[in-house]
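Naming: A, B, ... by sequence-line order, numbering from 1 per chain. Because the structure is a prediction, the values reported are computed rather than measured.
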Amino acid sequence: MFLEFKKQVSSALEDAVASLGFQTDDLGLEASQHADIASKVAFRLAAQAKQNPKELAEKIAEAIFLPDDSLIGEITTVGPYININANRNYIDETVFRIRKEEDGFGGGFCEGRILLEHTSANPNGPLHVGHIRNSIIGDTLKRILMRAGYDVETQYYVNDMGRQIAIVSWALTQFEFDTSRKPDHAIADVYIKANAKLNDNPEKVSEIDSRMQLVEKGDEATIKSFDEAVALVVEGIRETLLRMNVEHDSFPHESGFIRSGAVNRIVEEIKATGRTEVDDGALVVDLSDYGFEKTLVIQRSDGTSLYTTRDLAYHEWKGERADRMIDVLGADHKLISGQLKATLNAIGKKEPEIVIFEFVSLPEGSMSTRRGKFIPADDLLDKIEDQAYVEVEKRRPEMPDEFKRQVARNVGIGAVRYDIVKVSPEKSTVFDWKEALDFEKQGGPFIQYSHARACSILKKAQEDGLWDSARPIDPSLLIEDTEVDLIKKMAAFDSVIETSSRELKPHSVAIYARELADSFNQFYRFVPVISAEDEEVRSVRLALVDCARIVLANALDTLGIAAPESM
RNA sequence: GGUCCCGUGGCUUAGCCAGGAUAUAGCAUCGGGCUUCUAACCCGAGGGCCGGGGGUUCAAAUCCCUCCGGGAUCGCCA
């Protein structure tokens with residue numbers, strides 16, 4: 001709804017500026033604490049108009065023409081600022097729309113097909129607390145883009161033939177596989193042992209090399225041993241992701257692009273550009289004109305392909321199947337993803353948009369599956385759910401155990417997802433158990449609680465025979481400050497989705513959801529609903545609570561966090 | 001050493017790309033609020049030369065330069 005208001009403001013301001021004989025492509029619109037939206041256009045035009053910004057602002061404000069059905073209300077100037085407020089129509093219309101559109105409210109203004117790749121961790125062990133930053137950013141992005149209106153397919157690109165996987169398959173011949181453990185964890189055990197053994201016995205490395213050559217040549221027994229190990233780990237990873245409400249639509253395997261011949265084809269295409277040369281037996285690409293000093297290796301001296309080579313083929317394939325490709329990658333991929341884009345560009349292929357997130361490290365240093373230095377996501381989820389159970393027990397001791405477990409799951413995952421997504425991806429973080437298990441106030445559970453609270457009011461009203469969602473309402477009775485603030489906050493949801501989908505920044509949705517819950521809680525505190533004296537007022541306030549329930553649920557859904565009716 | 005990212009009250013953090021009105025919020029601290037729709041809540045207070053220094057501008061947390069601190073990365077790993 002705010003998007004529509006903003007559009008009207010833009011066009012009204014443009015017309016006003018034009019009517020005074022000026023031109024600008026920057027209306028300087030910004031959120032403001034003094035109005036629903038403010039314009040700094042007078043600053044921009046002051047030089048051109050040779051007038052002082054204050055007088056200019058007044059002239060522009062006077063020149064604004066508003067049609068009858070406008071959403072724009074009061075317009076004032078304070079110095080050079082033009083402060084523009086929405087009118088009553090905006091408030092009332094917002095309430096009507098939320099009730100009409102329900103779970104669709106706040107989206108549906110974009111179209112196109114997007115392939116979104118995220119997580120794609122190597123299947124050599126379980127997801128750890130660093131990986132899930134990728135998963136949560138990626139999954140939230142998916143939800144944001146889908147709400148915005150895009151057709152989104154998420155993919156987990158499975159590395160089923162890299163060096164690490166060769167080590168895993170070798171490890172299974174060297175060490176006993178503990179079938180009593182979750183398979184991704186059991187694989188990590190033997191993988192860690194294998195790496196230690198290879199470290200102590202460097203002559204064994206040739207066994208890994210030969211496995212890689214065999215799999216690339218299509219040796220069935222070797223491929224089978226890789227596949228089995230990979231399938232075990234991927235199954236465990238999917239289970240972990242599902243616990244966090246993360247689900248991928250497909251799992252393309254790297255080997256598929258070798259077998260289809262796509263990798264060989266793309267190597268030939270790159271050769272045809274004349275950019276390649278053989279350096280020390282390896283095939284390298286010159287990307288110096290793209291600003292990369294070092295060449296990019298796309299084939300080992302033994303002729304086998306690298307991750308990068310297979311990734312090029314994968315992106316070519318994706319580019320043919322979508323309007324946009326988005327990859328969520330860790331900071332260690334910054335350079336390689338730039339080289340990937342440059343190479344795709346050099347052969348005339350579509351390039352992906354890359355979302356980079358910085359690392360999550362441990363107090364003692366960076367995480368490493370190979371060295372066994374990591375905290376499995378499963379451990380974090382187990383502990384946070386245990387902690388959440390304690391919190392539920394404290395508050396709802398009388399409820400059945402099944403209820404408490406369910407709430408603990410929802411709240412625990414909500415806390416984890418919110419905690420991770422609320423921070424800008426470009427900040428590196430250090431994982432801290434104490435912090436992770438501390439139910440930070442005004443985090444995920446705070447928003448879930450607000451939703452439960454709205455549900456609780458509606459439930460009670462319904463039991464008392466006071467609430468009927470079909471009954472006509474008169475939103476103009478919603479005049480308390482906290483009511484209007486809440487409605488305006490809800491109206492802004494579409495604009496938050498629009499911005500975060502355009503900038504691919506999921507954390508702004510997290511901030512918004514918290515602010516929305518905050519607005520609702522203030523309304524709850526100051527305005528009686530069920531006990532409102534006037535029947536009409538009570539009805540419309542109940543409708544407002546229902547609106548809050550809807551928008552809170554939409555915001556939570558966008559964050560991949562459950563919206564419990566009771567907790 | 002080169003390149004990229006980050007550095008905002010005790011801690012975590014928004015704003016920076018598109019410079020402008022008293023710099024955002026949470027945690028923690030202190031004070032207040034449950035006979036009233038779930039207190040996982042609400043209200044209030046203190047606390048910041050926006051890492052340091054230069055520059056551009058009428059105006060800099062925001063742009064440029066430089067230094068310091070942290071992270072990432074620098075061909076046959078992914």
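- Residue side chain Tyr81(A) meets the stacking definition with respect to A21(B): its ring centre sits within less than 5.5 angstrom of the base's six-membered ring centre, and the planes differ by less than 30 degrees.
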Exercise. Taking protein heavy atoms under 4.0 Å as touching, what does nucleotides 12-18 of chain B look like 5' to 3' if B marks base contact, S marks sugar-phosphate-only contact and - marks none?
Worked result: --SS-BB
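- In this structure, Tyr307(A) does not reach the A78(B) phosphate: none of its side-chain N or O atoms is under 4.0 Å from OP1 or OP2.
- Judged by Watson-Crick or G-U wobble contacts below 3.5 Å, the nucleotide U3(B) has A72(B) as its partner.
- Contacts of Leu296(A) with the nucleic acid, taken as non-hydrogen atoms under 4.0 Å apart, are absent.
- One C1' atom belongs to G26(B), the other to A14(B), and the distance between them is 11 Å to the nearest Å.
- Each of His333(A) and Ser366(A) was assigned the nucleotide of RNA chain B with the nearest heavy atom; the assignment lying further toward the 5' end belongs to Ser366(A).
- The base-pairing partner of G48(B), taking Watson-Crick or G-U wobble contacts with both distances under 3.5 Å, does not exist among the strands shown.
- The stacking criteria are not both satisfied for Phe359(A) over the base of G71(B), which would need a centre-to-centre distance under 5.5 angstrom and an angle between ring planes under 30 degrees.
- Using P as the reference atom, U35(B) and A40(B) are 15 Å apart when rounded to the nearest Å.
- Looking only at distances, a side-chain donor or acceptor of Glu216(A) sits under 3.5 Å from a matching main-chain atom of Ser305(A).
- For a distance-only test at 3.5 Å, the side chain of Asn83(A) qualifies as a donor-acceptor partner of the base of A21(B).
- Within 4.0 Å (heavy atoms only), Ser32(A) reaches at least one base atom of the nucleic acid.
- Pairing for A78(B) is absent, with no Watson-Crick or G-U wobble pair whose two atom distances lie under 3.5 Å.
- Residue Asp302(A) is out of contact with every strand shown, counting any heavy-atom pair closer than 4.0 Å.
- Protein atom CZ of Arg310(A) is 6 Å distant from nucleotide atom P of A78(B), rounded to whole Å.
- Contact annotation: Gln299(A) side-chain N/O to G75(B) OP1/OP2 distance is not under 4.0 Å.
- C6(B) and U56(B) have their P atoms separated by 25 Å, given to the nearest Å.
- The residue Pro80(A) sits apart from the nucleic acid: no heavy atom pair falls under 4.0 Å.
- Taking atom P on both G48(B) and G9(B), the two are 10 Å apart, rounded to the nearest angstrom.
- Of the candidate nucleotides A21(B), A40(B), C37(B), A21(B) has the atom lying nearest to any side-chain atom of Glu30(A).
- For G54(B), the O4'-C1' to base torsion is more than 90° from 0; the nucleotide is therefore anti.
- Across the strands present, U24(B) finds no partner; the criterion is a Watson-Crick or G-U wobble pair with both atom distances under 3.5 angstrom.
- The nucleotide A60(B) finds no pairing partner, because no Watson-Crick or G-U wobble arrangement with both distances shorter than 3.5 Å includes it.
- A cation-pi arrangement is present between Arg453(A) and Tyr524(A), with the terminal nitrogen or guanidinium carbon under 6.0 Å from the aromatic centre and inside a 45° cone about the axis.
- Gly162(A) comes within contact range of the sugar-phosphate backbone alone, with a heavy-atom separation under 4.0 Å but no base atom that close.
- In terms of position along RNA chain B, the nucleotide closest to Ser566(A) lies nearer the 5' end than the nucleotide closest to the other residue of the pair Ser566(A) and Arg300(A).
- Between Val297(A) and Leu283(A) the shortest side-chain heavy-atom distance does not fall below 4.5 Å.
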